[in-house]
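What follows is a set of notes on a single structure, which appears directly below.
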Number of protein chains: 2
Amino acid sequence: MSDSKNISIKDVAKHANVSTATVSHVINGTRFVSEDTKRKVHQAMNDLNYRINFVARSLRSRKSYVIAFLAPILASETSNYFFMSVAAGIQSVLKQNHYHLVLSDSHEEAEYEADEIRMLGSQMIDGLIMAPASRELDYEHLFGDYPVVYLDRVPNNSNRDCVVVDNKTVSKEAVQMLIGKGHKRIAYLSGPNTLTTTEERVAGYLEALSEAGIEAESDLISIGEVSLDSGYKLTESLMRHEPTAIFVTDNVMAMGVMFYMQEKKISVPEQIAVVAYDEFQWTRITSPPLTVIEQPAFELGVKAAEVMLERIDNAGSPRQEHRLTANLVVRQSS
Amino acid sequence: MSDSKNISIKDVAKHANVSTATVSHVINGTRFVSEDTKRKVHQAMNDLNYRINFVARSLRSRKSYVIAFLAPILASETSNYFFMSVAAGIQSVLKQNHYHLVLSDSHEEAEYEADEIRMLGSQMIDGLIMAPASRELDYEHLFGDYPVVYLDRVPNNSNRDCVVVDNKTVSKEAVQMLIGKGHKRIAYLSGPNTLTTTEERVAGYLEALSEAGIEAESDLISIGEVSLDSGYKLTESLMRHEPTAIFVTDNVMAMGVMFYMQEKKISVPEQIAVVAYDEFQWTRITSPPLTVIEQPAFELGVKAAEVMLERIDNAGSPRQEHRLTANLVVRQSS
DNA sequence: AGTCTGAACGTAAACGTTTACATGTCTTTA
DNA sequence: TAAAGACATGTAAACGTTTACGTTCAGACT
């Protein structure tokens, strides 16, 4: 082990015969220091194995270089790989800018979510990127005075920056594709409509139907909890109304749908067509390969992080709202 | 918006007519305070919308309540869902103990990894849980003076705490199962053997063969980069030596294997049996459902976090080494 | 010779907590 | 009634940086 005592900038200063200010300035390059002194300081830092204390720096400079990402990301059961890709995107730009990422899981529940926000406290983070669990909550009073950017979903009446996916257009496109193949009884399955995404997706679905002169049937629209089980059970009820196609807007629920079909030996797409949400490598080797809507998850993260950094740089700049387009990938399941 | 000025413990103290010490103590419950004063302080905190400054707290108390997890976890392409489940496990116990989790991605590359460790600096984290990219590196000089626990993999000559999976036993079991079904030409495909996991897995494979009196053939053993592409290409070369079964010890590479089989219309398990690593929901709806080795990923995370917290609590306690057992799940692909 | 300018660096006050130590006020006891 | 304890709180020094000001000193200009 090395020296157990913690080495501070003071020790370095003493060892190099300079002031703490000088040491700080050579570390940060924040004012001119002669080559000679620089060398001495670096030498001293090496000799003593000095390491910056980020906490002290944060306290004084009021910047932590930490961004939090709060989403239903880690819960083991309802594993939503979508948000993991988003996290990867966020991380990639944060890293380039020497920021850290702390991950918080909302469990898709308002209570957990509020807890997490509280735990983040103030000063600990420079910004929060979040996918809110509900669009009906008032989050504002929970936040500290860091910037917040909403990702994937936006609460009502928010005037924060946000970056989301254009769910309506692509959903409409997916349903139109099904209609084009002759389907008239198209079921719709999704998570709770406390999410803005759900709202948009159902809107796209309905618009496609109505433009094709097909009357929407409430029996064919099923909205429930986001879980594999729930996906399975809701499929069961939907099937009683004999759809010829099913549009499921969540990849976790989609697994429930596929389990059901597999178990009941209902062949896809012969007996029923399936269109799901979210593209992952495995959707290509399911049986049959799934037709999916590919969301730009990584890019969503990248954009959100970029917006965040800009906002940090310039608190007063106008609100940004980005709407990325998703992509329909047609494979054998439809 | 609320007051833009930052409220400190001093403001609260003044507003409640007590000292900062008292405020601190009611916040932390660290010494007796009369009910009356408590009320006053809470009132003041509410009135002023006070929020703890965790950074200042960390600086003074020398504890950040932050644990970092460093693993090849977020890289978008080589997405390793295994480590995400691990992260979920870690998070679940950290959360209960009011710790935060910061995620760092090593990209499975030594350089990235070293960078990340340096970026964590000192004092910023109370501990580091990591899955080292190589067993041959000397990490010790990179670490600060926080505890480190190795997860899933262990560098040579480490005397740190660690929690890993018993890869050898379960790999042997899997290969024995294949042998039991009459297979004699069993291919082995895995990531680089700079990983301890690879070492153990190949050992299990070899031991099963040798105990069954089957001679190992180096042409049937393929070791390469962990990626989908690499999995695909290595399968291609392996197939030239006509294996009747293939044991692939990484889920990302396994996708490459399955793509290959699908593309070449090689039917599984009729023409070749496949056993893969890591159980996820989707392995059940692939075509055919995959036989896999199910690693206790979540539990791995839980254990690692528990060990971490114990170590923080008691720096002097004896080294812990945990070896969790994995589970062979036999399905149609074998 | 005095003043000025710029280069290079030093001094010390913050940042917002925690915490060792000190203080004051009651009650109890001899 | 004075000393002793218990009870409840206050004082102020840290923690390790950053940074607004000050300082020193050498050379250039009047």
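Throughout, protein chains are lettered first and strands after them, A, B, ... in sequence-line order, and every chain is numbered starting at 1.
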- Using the ring of B:Tyr65 (Phe, Tyr or Trp, six-membered ring only), decide whether B:Lys63 places NZ or CZ under 6.0 Å from its centre and within 45 degrees of its axis. yes
Please give, in whole Å, the distance from [N] [atom2] to [X] [atom1]?
X        : N      : atom1 : atom2 : result
A:Ile52  : D:dG16 : CD1   : C1'   : 11 Å
A:Ile9   : C:dA12 : CD1   : P     : 17 Å
A:Asp145 : C:dC15 : CG    : P     : 15 Å
A:Phe54  : D:dC15 : CZ    : C1'   : 17 Å
B:Tyr65  : C:dT18 : OH    : C1'   : 12 Å
A:Ile27  : D:dT19 : CD1   : C1'   : 14 Å
A:Lys63  : D:dG16 : NZ    : P     : 23 Å

Output yes when at least one side-chain N/O atom of [X] is less than 4.0 Å from OP1 or OP2 of [N], else no.
X       : N      : value
B:Arg57 : C:dT18 : yes
B:Ser8  : C:dG16 : no
A:Ser34 : C:dC9  : yes
B:Thr37 : D:dT9  : yes
B:Ser24 : C:dT18 : yes

What does [X] touch in the nucleic acid at a heavy-atom separation under 4.0 angstrom: a base, only the sugar-phosphate, or nothing?
X       : result
A:Val55 : nothing
A:Arg31 : base
A:Asn17 : sugar-phosphate

- Query: Can a salt bridge be assigned to the pair B:Arg39 and B:Asp36 using a cut-off of 4.0 Å between side-chain N and carboxylate O?
  - Reply: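 The answer is yes: the pair qualifies as a salt bridge.
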- Message: Taking B:Glu321 first and then B:Arg319, would you say they form a salt bridge - that is, a charged N and a carboxylate O separated by under 4.0 Å?
- Response: yes
- Residue B:Val33, side-chain heavy atoms: nucleotide from D:dG10, C:dT18, D:dT9 that is nearest: D:dT9
- Message: Let's see if you can work this out: which of D:dT18, D:dG16, C:dT18 has an atom nearest to the side-chain heavy atoms of B:Arg60?
- Response: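 Among D:dT18, D:dG16, C:dT18, the one nearest the side chain of B:Arg60 is C:dT18.
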- Item | B:Thr22 or B:Ala56, whichever maps to the more 5' nucleotide of DNA chain C |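 Counting from the 5' end, the first nearest nucleotide belongs to B:Ala56.
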- Taking for each residue the nucleotide of DNA chain D bearing the nearest heavy atom, is the 5' side occupied by B:Leu59 or by B:His25? B:His25
- Message: Does atom CG (A:Asn314) have a neighbourhood of more than 12 heavy atoms from anything else shown, all under 6.0 Å?
- Response: yes
- Taking the side chain as every heavy atom from C-beta outward, state whether A:Pro192 and A:Val226 have any pair of such atoms under 4.5 Å apart.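 A side-chain contact under 4.5 Å exists here.
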